[in-house]
2 protein chains.
Amino acid sequence: MANIKDIARHAGVSVATVSRALSNPAIVRPKTIEKIEAAIAELNYERNHLAAGLRRQRSDNVIVAVPSIYNPFTSAFVQGIENVARANNMRVLLGITEGDVSTLNSYISMIAGKQADGMILLENNLPDVVRNPPTTGTIPPIVAACEYPPELDLPRVTIDNVEAGALVVSHLRELGHTRIACITGPMAQQMSKDRSAGYKLGLMRARIEFDPALVEEGEFSLQSGYDAMIRLLDSGVKFTAVACASDETALGVMSALQHRGISVPGDVSVAGFDDLRFGAFASPPLTTIHVPTAEIGETAMRLMLDRLLQQDQTAREVTLPHRLIVRESTAAPRS
Amino acid sequence: MANIKDIARHAGVSVATVSRALSNPAIVRPKTIEKIEAAIAELNYERNHLAAGLRRQRSDNVIVAVPSIYNPFTSAFVQGIENVARANNMRVLLGITEGDVSTLNSYISMIAGKQADGMILLENNLPDVVRNPPTTGTIPPIVAACEYPPELDLPRVTIDNVEAGALVVSHLRELGHTRIACITGPMAQQMSKDRSAGYKLGLMRARIEFDPALVEEGEFSLQSGYDAMIRLLDSGVKFTAVACASDETALGVMSALQHRGISVPGDVSVAGFDDLRFGAFASPPLTTIHVPTAEIGETAMRLMLDRLLQQDQTAREVTLPHRLIVRESTAAPRS
DNA sequence: TTGTAGGCGTTATCAC
DNA sequence: GTGATAACGCCTACAA
């Protein structure tokens, strides 16, 4: 494999000039550039990223930490990150944690090891460096793309999960529902807490009293939505609508209802959250909150670039807009 | 940031010993290791991967090329790769191509640039190096995880899409169907060709004559499945079952049928392909072919490791088993 | 078992 | 504008 020295020799210039031609062509004479380009083409030269990185102390990689990539929500988010990264000559390193904090910590140490320049988090866990920042030394570039305990001030990008949750309830209330159940996400996660808080806020605004019997905890998954609905039905409590913490949950809920011969939205209205494309093609098509997943990823990556390139240390927080999408899974209750 | 020299000084040994303790502890005295570990802990040392990589001429990254990661099929596959990579101290670099060959080629050149050690392909496109191998020089480590023109002999891992396609038809035939429609994937892709070939093979075995009017081309997506079914219905052709090239297609098809008031499986049976988890929770739950997506990814990564570590140059081909999963979207036709 | 020293390929700092 | 050269931090013969 040809290296920069070979190119220099071949083009009759110094290595320094070749390096400049590569990274800052503006400051080298066009004729020289031509010679160099010819040599590069002829010798099939490719710049060694490892050597350049060693010298510059940058890897041009961002590591993206997610518990799993096997769900459309996460993967849309990652795709958004990749788009912006690619456009800025950076690469995305996949860091799947499976919810394990020590795995997450090991990914963080890759930053000190120069395998990555920073980390974007879409995680319920937090790396130790964030919780207990080292007294000495600096904390590595981290951008959060999800809900976090408000006391931590990472640069972050989210949507207003509380307002969005309330919006769902207000929609159901307008249709005439007053017995509105809720299937939450795992309450250990901040996002679930926020969406549930939105549910309660919505009830309050609608002057409906909160009834704990109407709430079941799920895990954002199809199966957990299914199971939670079965529990709710078996408990005998009465309701005419269900607000779900995610579209997957809602799809599982609808499946359970249909298995029990309960019609949606005839007997029970169902609303989701996330706007997965599978929701639009469910039967009936799912009413949901649209979350700009890919844009969240794109914005997170831009925040990372800011942090990396300009020493823009101000912890910025971006809140992206959500919106209600009304489809056929919600309707007025039977009178 | 402390480097290996600092550790050596601190532990009272040479850098060579530290390096050995790090990469091959077996050949250094336990007591020495202790001292070194103490120094590492105290100085908070993290080995510089860039420098190590430069020296070893390896990045420990694999680049995974996919057209998009925004679908459960691809993402399960990537997750499988990441699992095995992580267990072997390698990292996954995401290479999203959006179907663009020049993007794919640019990812390939990252291998020469030492940003990645090899590439795993889940793509309908092929990089130029594969089509026209350079007369001089070697072709980079590539493993294919999808269907390819048979004349190319890359290491690859797949399932038998032809037999799987035939299996669906045989299932429908056993239920009593003879008018079986087919929504294919984009016929430019080898995988679509194979699954369609399976459909025809199945018909042949069942002694059903092939009728081109029963075939519509889709794109593996929900919307394309929906559209294809609408076209089929509007064409007026009669059928009692549909074999779809993917679960997404099938879900789109079911949505179209239900919008037209056609009951599944009462009036028309629908079968998918891939076994996405959304299929199991559809209404009715989708009959499909289970594809071991994550295992395909895992196997592909193992093949890559073989190629990278041992100079195992024999182009191996692995075919993983598929199986039919019968759920409620297929049933005997109305007599 | 451990130490010495050269080199991996690039970029950045000086000179000119 | 261009050239010479010293790092960047590590690994691995080779020597001891």
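Computed over heavy atoms, backbone and side chain alike; hydrogens, waters and symmetry mates excluded. Proteins come first, then strands; the chains are lettered A, B, ... in the order of their sequence lines, and each starts at number 1. Keep in mind the model is a prediction, meaning the values are calculated, not measured.
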Trainee: When you check the side-chain N and O atoms of T97(A) and E123(A), is any donor under 3.5 Å from an acceptor?
Mentor: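 Indeed, the side chains of T97(A) and E123(A) share at least one donor-acceptor pair under 3.5 Å.
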Trainee: Are side-chain heavy atoms of P292(A) and I159(A) found at a separation under 4.5 Å?
Mentor: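 Of all side-chain heavy-atom pairs linking I159(A) with P292(A), at least one is under 4.5 Å.
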Trainee: What is the distance from NE2 of H49(A) to P of dC8(C), rounded to the nearest Å?
Mentor: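 That distance rounds to 20 Å.
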Trainee: With respect to the side chain of T32(B), which nucleotide from dG9(C), dT2(C), dC10(D) is positioned closest?
Mentor: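 Side chain of T32(B) sits closest to dT2(C).
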Trainee: Kindly point out which of dT1(C), dC8(D), dT10(C) is positioned nearest to the side chain of L54(A)?
Mentor: dC8(D)
Trainee: Expressed in angstrom and rounded to an integer, what is the separation of L50(B) atom CG from dC10(D) atom P?
Mentor: 11 Å
Trainee: To the nearest Å, how far apart are Q115(A) CD and dG9(D) P?
Mentor: 16 Å
Trainee: For N48(B) and dT10(C), what is the distance between atoms CG and P respectively, to the nearest whole Å?
Mentor: 17 Å
Trainee: Quick one about T17(B) and S14(B) (side-chain donor to acceptor, distance below 3.5 Å, no hydrogens or angles considered), yes or no?
Mentor: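 Yes.
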Trainee: Do Q115(A) and Y107(A) have side chains that get closer than 4.5 Å, going by heavy atoms?
Mentor: no
Trainee: Distance alone, cut at 3.5 Å: any donor-acceptor contact between the side chains of Q79(B) and N83(B)?
Mentor: no
Trainee: Distance check needed: dG9(C) C1' versus L43(A) CG, whole Å only.
Mentor: 15 Å
Trainee: Taking NZ from K114(A) and P from dG9(D), how many angstroms apart are they, rounded to a whole number?
Mentor: 8 Å
Trainee: Does dG9(C) have OP1 or OP2 sitting under 4.0 Å from an N or O in the side chain of N3(A)?
Mentor: yes
Trainee: Under 4.5 Å between any side-chain heavy atoms of R316(A) and R156(A), yes or no?
Mentor: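 Not in contact.
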Trainee: On DNA chain C, nearest-nucleotide positions of A26(B) versus Q57(B): which is more 5'?
Mentor: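 Its nearest nucleotide lies further toward 5', so the answer is A26(B).
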Trainee: Tell me: CD1 of I7(B) to C1' of dG9(D), nearest whole Å?
Mentor: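 So the two atoms are 12 Å apart, to the nearest Å.
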Trainee: How about V64(A) and L94(B): do any of their side-chain heavy atoms sit closer than 4.5 Å?
Mentor: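 Heavy-atom side-chain distance check fails, nothing below 4.5 Å.
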Trainee: So does T17(A) get a side-chain nitrogen or oxygen closer than 4.0 Å to the phosphate oxygens (OP1/OP2) of dT2(D)?
Mentor: no
Trainee: Rounded to whole Å, please give me the gap between CD1 in I27(B) and P in dG3(C).
Mentor: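 Taking atom P of dG3(C) as the reference, CD1 of I27(B) is at 12 Å.
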Trainee: With the sugar-phosphate defined as primed atoms, P, OP1 and OP2, and the base as all remaining atoms, what B/S/- string results for nucleotides 11-16 of chain C, 5' to 3', for protein heavy atoms under 4.0 Å?
Mentor: BB----
